[in-house]
Student: 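My structure is below; once you've seen it, I'll send some questions.
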There are 4 protein chains.
Amino acid sequence: MSSRKVSDTKTLHCEEESSVKALGRKRCPLTHQNILCATRTLLEEIGFADLTIEGIAERAGVGKTTIYRRWPNKASLVLDAFIEATIKEIPFPDTGSVQEDLRLQMRRLIKWMNGVEGHTIAKLIGGAQDDAELAEAFRSRWLTGRREEARQIIQRGKERGEIRADLDPEVLLDALYGPLYFRLLVGHAPLTPGYADKLVSLVMRGLDS
Amino acid sequence: MSSRKVSDTKTLHCEEESSVKALGRKRCPLTHQNILCATRTLLEEIGFADLTIEGIAERAGVGKTTIYRRWPNKASLVLDAFIEATIKEIPFPDTGSVQEDLRLQMRRLIKWMNGVEGHTIAKLIGGAQDDAELAEAFRSRWLTGRREEARQIIQRGKERGEIRADLDPEVLLDALYGPLYFRLLVGHAPLTPGYADKLVSLVMRGLDS
Amino acid sequence: MSSRKVSDTKTLHCEEESSVKALGRKRCPLTHQNILCATRTLLEEIGFADLTIEGIAERAGVGKTTIYRRWPNKASLVLDAFIEATIKEIPFPDTGSVQEDLRLQMRRLIKWMNGVEGHTIAKLIGGAQDDAELAEAFRSRWLTGRREEARQIIQRGKERGEIRADLDPEVLLDALYGPLYFRLLVGHAPLTPGYADKLVSLVMRGLDS
Amino acid sequence: MSSRKVSDTKTLHCEEESSVKALGRKRCPLTHQNILCATRTLLEEIGFADLTIEGIAERAGVGKTTIYRRWPNKASLVLDAFIEATIKEIPFPDTGSVQEDLRLQMRRLIKWMNGVEGHTIAKLIGGAQDDAELAEAFRSRWLTGRREEARQIIQRGKERGEIRADLDPEVLLDALYGPLYFRLLVGHAPLTPGYADKLVSLVMRGLDS
DNA sequence: GTATAAACGAGACGGTACGTCAGGTCTTTCT
DNA sequence: AGAAAGACCTGACGTACCGTCTCGTTTATAC
């Protein structure tokens with residue numbers, strides 16, 4: 001049961017042909033780490049838009065070619081760097097109450113969105129608007145997992161009878177998390193912890209009926 | 001009172017010194033239109049990211065300088081072109097029922113989001129992630145106006161007693177519209193007309209209590 | 001009649017469309033000079049093979065694009081720089097004796113070949129082996145003119161009766177100058193001033209018969 | 001005395017330590033041949049300048065390292081490939097007349113220069129202008145041998161009394177062969193068989209006096 | 001036999017330069 | 001003075017090879 005490994009996690013997006021035999025010299029894993037590390041650092045220092053492959057290469061003490069050999073474009077690299085750094089953050093709680101579970105997790109997410117990572121993820125979603133690959137990567141490697149966990153909270157609530165069974169979890173999750181990303185991306189209003197409370201109490205009012 | 005027209009609409013963002021005297025050659029109004037038109041066309045053809053000032057200038061038969069003289073950057077120009085083209089679409093209805101008003105408007109918005117304009121606005125929000133000016137312009141020139149209209153719908157509902165008076169309209173609007181933009185930008189699920197219905201019925205359940 | 005100007009000489013190889021009217025900003029002549037100067041300097045410092053456009057651009061304080069806008073390739077640029085610097089050297093004498101004229105000029109050429117310019121011209125001919133454009137440019141802009149002058153020396157000799165009239169001047173000139181270039185390019189033996197004397201006395205023995 | 005074989009001819013320039021013992025796996029002679037063959041083919045196909053070690057390695061089905069283990073640089077390899085292919089061509093005749101011997105051999109050389117090999121040797125001399133090693137190799141492995149043979153023709157002539165004994169053979173050979181290489185490299189005039197005749201009759205006029 | 005040593009194909013690696021593109025500024029000429 | 005054309009410097013792009021360096025495998029002598 002505990003055998004569900006989250007899989008390798010290490011190399012996520014970069015080209016890797018595992019088919020045949022692995023001929024020739026092995027790819028140095030340190031190099032990999034150096035590049036991701038340099039990317040993360042620069043991302044915080046100068047932001048996504050001003051990030052250049054050349055800059056990353058220099059910072060990592062690596063040839064540009066080495067980067068291009070492993071990642072098809074800037075976005076994929078940044079996504080790798082980003083996910084590697086944040087994959088384990090913002091855990092989902094299990095308090096016994098759906099509403100409380102979601103409220104707590106949303107508060108954590110808001111706090112996280114107000115930090116550097118929030119900025120980065122906004123840029124990634126922004127970049128995904130003209131990069132289908134990045135968009136797909138963002139969905140499959142960031143959103144899907146978290147979404148699945150949130151769905152389980154709802155499922156638990158349904159089993160406990162807190163929520164009526166015919167509720168579409170997708171709509172509920174969108175109604176809760178959509179506004180957070182909305183404010184993050186558009187910035188028309190601040191993302192305060194209290195915002196989570198208000199959203200939960202508004203959206204989840206009377207879901208047991 | 002209601003005569004406050006949204007004003008000229010024509011030149012919105014571009015520098016325009018009307019104060020002094022209007023010396024020298026007049027700015028050709030056709031040029032203006034040509035540039036906006038070329039921008040719109042190219043925006044649809046190749047997208048925001050691949051859009052270049054040089055390309056627009058060429059397509060419009062205009063010097064690069066002329067563009068730079070009128071707009072500070074690509075984003076402003078695109079926003080101008082975009083808003084000019086869509087300012088009058090997606091009207092807000094007044095059926096006498098808040099829920100129905102919002103539902104109808106959201107359906108229209110969804111329809112519109114599924115077209116070219118939806119694509120464009122997604123790119124604009126995307127671009128705004130690394131362009132503070134564009135972000136601000138997007139908020140003040142696109143969102144604010146529409147938001148105000150939506151707020152009035154809610155206000156009417158409060159006056160009619162459909163909605164309890166202490167409800168925070170910002171949270172409600174976010175809970176309704178946030179999910180739409182969320183799906184538009186992230187694309188994890190389709191934007192169907194029925195989605196509007198589901199959202200409205202989920203979020204607005206029991207708001208009169 | 002004597003109005004045959006050797007033409008402008010200034011801009012020789014670089015693209016220049018003089019047809020219409022010359023719209024837009026003028027090409028800065030200083031830039032031109034800076035580039036040629038930097039090229040010459042670097043040519044002497046590091047040689048033709050290690051010469052890079054990037055290096056020249058940097059040394060000249062100029063963008064790479066500016067160079068590419070004016071010259072199609074490294075060779076043309078170098079040829080321009082080279083010819084501009086040496087176009088007036090190694091004059092052809094007129095002593096009244098063909099043999100003496102040629103001998104003197106060959107001695108001067110040998111001296112010149114032993115200097116930096118000789119090295120450069122060797123590299124240019126070398127480069128011309130895989131660059132048809134450079135080859136043509138070298139012939140038309142360097143060789144042709146000098147060849148014509150040498151031909152006139154021979155013509156004068158024929159008129160004076162020093163040389164029999166049916167002699168093919170091309171073969172004679174090749175027999176005299178070919179060996180110089182041969183030694184310059186292959187380096188199997190030194191280029192001494194006495195070599196000129198020996199060649200002249202060998203090749204021109206009995207040309208009056 | 002005539003036992004001085006020009007040695008093995010097979011591996012000429014490539015590193016080869018025969019001293020100690022020859023431990024480990026032997027160098028595959030087929031590999032050697034494959035590399036030289038690929039080099040020759042590519043040389044004809046794309047020319048010296050566009051020739052790359054990587055390309056040769058691929059064509060030969062060989063690792064780059066294997067090439068670098070055997071030749072210090074591109075030039076040496078090309079020279080090996082070239083010489084291996086042409087070492088036995090253009091024999092020196094012995095008709096009993098110096099003038100006739102040289103004339104015949106020059107005609108053969110001209111014919112050969114007009115073929116692919118002429119092109120290649122021009123490129124090699126060209127490449128030698130920025131590669132001292134190649135220059136030296138070209139002289140010692142191509143020119144010297146042929147030059148020695150030509151010198152013997154002249155020597156025979158002197159012994160027969162056809163040519164006066166004090167003639168410097170170097171100058172004579174330069175005066176005859178220099179022009180051929182001159183035209184080959186500069187291309188200002190065609191290399192026709194008749195050119196050999198003209199040169200011989202011009203340069204060798206009255207050498208018996 | 002079984003080490004051990006080199007050759008070998010493959011390909012990763014840090015570099016350098018390439019030639020192109022777009023950015024945003026400046027200059028010239030014409031209207 | 002405004003407009004159009006285009007020169008200009010800058011800086012990053014993605015590519016091609018360079019020559020060096022591991023890899024794992026294959027082939028040979030040497031113990």
Side-chain angles (χ1 to χ4, degrees), chain A residues 17 20-32 50-55 57-58 60-70 72-74, chain B residues 21-28 30-31 50-58 60-70 72-74, chain C residues 17 20-28 30-32 50-58 60-70 72-74, chain D residues 17 21-28 30-32 50-58 60-70 72-74:
Chain A
E17 75 300 335
V20 267
K21 233 337 195 5
L23 225 59
R25 176 172 171 180
K26 293 285 133 63
R27 282 187 179 172
C28 174
L30 211 70
T31 296
H32 211 98
D50 291 348
L51 207 62
T52 67
I53 297 283
E54 238 156 38
E58 193 189 11
V62 142
K64 260 200 297 182
T65 329
T66 302
I67 295 181
Y68 281 113
R69 206 179 285 123
R70 290 160 184 256
N73 51 54
K74 192 172 78 170
Chain B
K21 243 320 194 22
L23 222 60
R25 177 169 169 181
K26 292 285 134 56
R27 282 190 178 171
C28 173
L30 213 69
T31 296
D50 291 347
L51 206 62
T52 66
I53 296 281
E54 241 155 35
I56 295 170
E58 193 189 11
V62 142
K64 265 198 294 180
T65 332
T66 303
I67 296 182
Y68 281 114
R69 202 177 291 121
R70 291 161 186 255
N73 51 52
K74 191 171 78 171
Chain C
E17 75 299 334
V20 268
K21 228 357 192 344
L23 221 60
R25 177 172 171 180
K26 291 284 133 61
R27 281 187 180 173
C28 174
L30 212 69
T31 297
H32 210 98
D50 291 349
L51 207 62
T52 67
I53 296 283
E54 236 155 38
I56 295 171
E58 192 188 12
V62 142
K64 263 199 294 182
T65 330
T66 302
I67 296 182
Y68 282 114
R69 204 179 290 122
R70 291 161 183 256
N73 51 54
K74 192 171 76 171
Chain D
E17 76 300 334
K21 242 332 192 4
L23 219 63
R25 178 171 169 180
K26 291 285 133 63
R27 281 188 180 171
C28 174
L30 211 69
T31 296
H32 210 98
D50 291 347
L51 207 62
T52 67
I53 297 283
E54 238 156 37
I56 295 169
E58 193 190 11
V62 142
K64 266 199 294 180
T65 329
T66 304
I67 296 182
Y68 281 112
R69 204 178 289 122
R70 291 158 186 257
N73 50 54
K74 191 172 77 171

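Residue numbering restarts at 1 for every chain, and letters A, B, ... go by the order of the sequence lines. Bear in mind that the values here come from a model prediction, so they are computed numbers and not experimental data.
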Student: Please state whether the phosphate of E:dT29, meaning OP1 or OP2, lies under 4.0 angstrom from any side-chain nitrogen or oxygen of C:Arg25.
Tutor: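 C:Arg25 to E:dT29 OP1/OP2: no side-chain N or O under 4.0 Å.
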Student: For C:Gly61, which contact category applies under a 4.0 Å heavy-atom criterion: base, sugar-phosphate, or nothing?
Tutor: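 Touches sugar-phosphate only.
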Student: Atom CZ of A:Arg70 to atom P of E:dA12: distance rounded to whole Å?
Tutor: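 Checked: the CZ to P distance equals 9 Å.
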Student: May I ask you to evaluate whether C:Arg27 reaches the phosphate of F:dG6, defined as a side-chain N or O under 4.0 Å from OP1 or OP2?
Tutor: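 No, C:Arg27 has no side-chain N/O under 4.0 Å of OP1/OP2 on F:dG6.
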Student: Is a donor-acceptor pair below 3.5 Å formed from side chain B:Thr31 to base F:dA3, judging by atom type as modelled?
Tutor: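 Result: no qualifying N/O pair found.
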Student: Rounded to whole angstroms, how far apart are OH on B:Tyr68 and P on E:dG24?
Tutor: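 Atom-to-atom, B:Tyr68 to E:dG24, this comes out as 4 Å.
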Student: Side chain of C:Thr65, base of F:dT10: donor and acceptor closer than 3.5 Å?
Tutor: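 Yes, the side chain and the base share a sub-3.5 Å donor-acceptor pair.
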Student: To the nearest Å, how far apart are C:Glu58 CD and F:dG11 P?
Tutor: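 Rounding to the nearest Å, CD of C:Glu58 and P of F:dG11 are 11 Å apart.
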Student: Start at the 5' end of DNA chain F and walk down; is the nucleotide closest to C:Thr66 or to D:Lys64 reached first?
Tutor: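 Closest to the 5' end, via its nearest nucleotide, is C:Thr66.
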Student: Strictly by modelled atom types, are D:His32 and D:Arg70 linked by a side-chain donor-acceptor pair under 3.5 Å?
Tutor: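 Judged by distance alone, the side chains do pair up.
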Student: Measure the distance from CG on B:Leu51 to P on E:dG24 and round it to the nearest whole Å.
Tutor: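 One finds 12 Å between P of E:dG24 and CG of B:Leu51, rounded.
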Student: Grab the CD-C1' distance between D:Glu54 and E:dA12 for me, whole Å please.
Tutor: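 Result: 12 Å.
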